[in-house]
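Have a look at the structure below, then the notes.
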Amino acid sequence: MSNWDVSNFDNWTVEDFPLGGVAIEAGKSKEYITGGWRSFRPIWNQENCRDCLICWVHCPDSSIETEDGKMTGIDYDHCKGCGICAKCCKFDALAMISETEAKAGE
């Protein structure tokens, strides 16, 4: 199916689907800055943090930075602002603010 006629989409076979445009090697995600997609940004309050790393376990973007079993910061280059880290934090060490508010404070 060379012209991608979607009028018959329900009857497509695997061979009919166009190949995706992503053709990168595994492990290359660090090379692609994706934090610009974010509408909200997590802000870390180090004083409240207990280094339980529950946020690290739940972060789908591996954006919680750690060293020696302790949180050291947030990788804003790759954080998409989903808010899962702030939602799962039991110590109010992470809060979400709008990117507009964050940029105004820089």
Side-chain angles (χ1 to χ4, degrees):
M1 185 176 294
S2 61
N3 65 356
W4 300 350
D5 179 8
V6 295
S7 64
N8 197 21
F9 179 78
D10 290 334
N11 296 320
W12 280 15
T13 65
V14 172
E15 294 79 22
D16 294 327
F17 283 89
L19 294 177
V22 178
I24 61 172
E25 297 174 37
K28 299 287 186 180
S29 64
K30 285 286 185 187
E31 296 177 13
Y32 297 93
I33 306 301
T34 54
W37 303 352
R38 199 175 43 243
S39 298
F40 290 89
R41 172 189 300 201
I43 301 298
W44 178 43
N45 179 332
Q46 189 173 2
E47 290 181 20
N48 288 357
C49 185
R50 301 294 179 259
D51 295 311
C52 67
L53 300 183
I54 296 297
C55 56
W56 175 80
V57 169
H58 287 87
C59 178
D61 296 312
S62 300
S63 294
I64 303 298
E65 297 172 329
T66 64
E67 186 175 317
D68 297 326
K70 295 181 185 262
M71 183 172 175
T72 59
I74 300 168
D75 174 4
Y76 289 120
D77 283 345
H78 297 95
C79 171
K80 313 270 186 330
C82 68
I84 291 172
C85 59
K87 184 75 173 169
C88 71
C89 182
K90 304 296 183 206
F91 304 102
D92 294 322
L94 291 158
M96 301 301 289
I97 64 170
S98 74
E99 271 300 311
T100 305
E101 182 182 349
K103 288 178 181 173
E106 290 178 350

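Keep in mind that what you see is a predicted model, and the values were worked out from it rather than measured.
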>> Between E99 and S39, does the side chain to side chain contact (heavy atoms under 4.5 Å, CB included) criterion hold? Intermediate values first, please.
In response: CA-CA 5 Å; E99 271 300 311; S39 298; 5.7 Å; no
> Listed by chain and number, what are the side chain to side chain contact (heavy atoms under 4.5 Å, CB included) partners of Q46, not counting sequence neighbours?
Replying inline: W44
> In the hydrophobic clustering that connects Ile, Leu, Val, Met, Phe, Trp and Tyr at side-chain heavy-atom distances below 4.5 Å, which members other than W37 occupy its cluster, ordered by chain and number?
Replying inline: none
> If you round to the nearest 0.5 Å, how far is SG of C52 from NZ of K70?
Replying inline: 12.0 Å
>> Taking salt bridge (charged side-chain N to carboxylate O under 4.0 Å, His left out) as the cut-off, I'd like each qualifying pair that reaches into residues 44-59, sequence neighbours left out, listed once.
In response: none
> Quick one: side chain to side chain contact (heavy atoms under 4.5 Å, CB included) partners of Y76, sequence neighbours excluded?
Replying inline: R38, R41, P42, I43, I74
> How would you list, by chain and number, every residue that makes a side chain to side chain contact (heavy atoms under 4.5 Å, CB included) with T66, sequence neighbours excluded?
Replying inline: L53, W56, I64
Do any side-chain atoms of residues 81-98 form donor-acceptor pairs under 3.5 angstrom with protein atoms, and if so which ones, sequence neighbours left out?
{"from": "S98", "atom 1": "OG", "to": "E101", "atom 2": "N", "distance (Å)": "3.0"}

> By side chain to side chain donor-acceptor pair (under 3.5 Å), which residues pair with N11, not counting sequence neighbours?
Replying inline: N8
> Could you state the interatomic distance from CG (D61) to NE2 (H78), rounded to the nearest 0.5 Å?
Replying inline: 9.0 Å
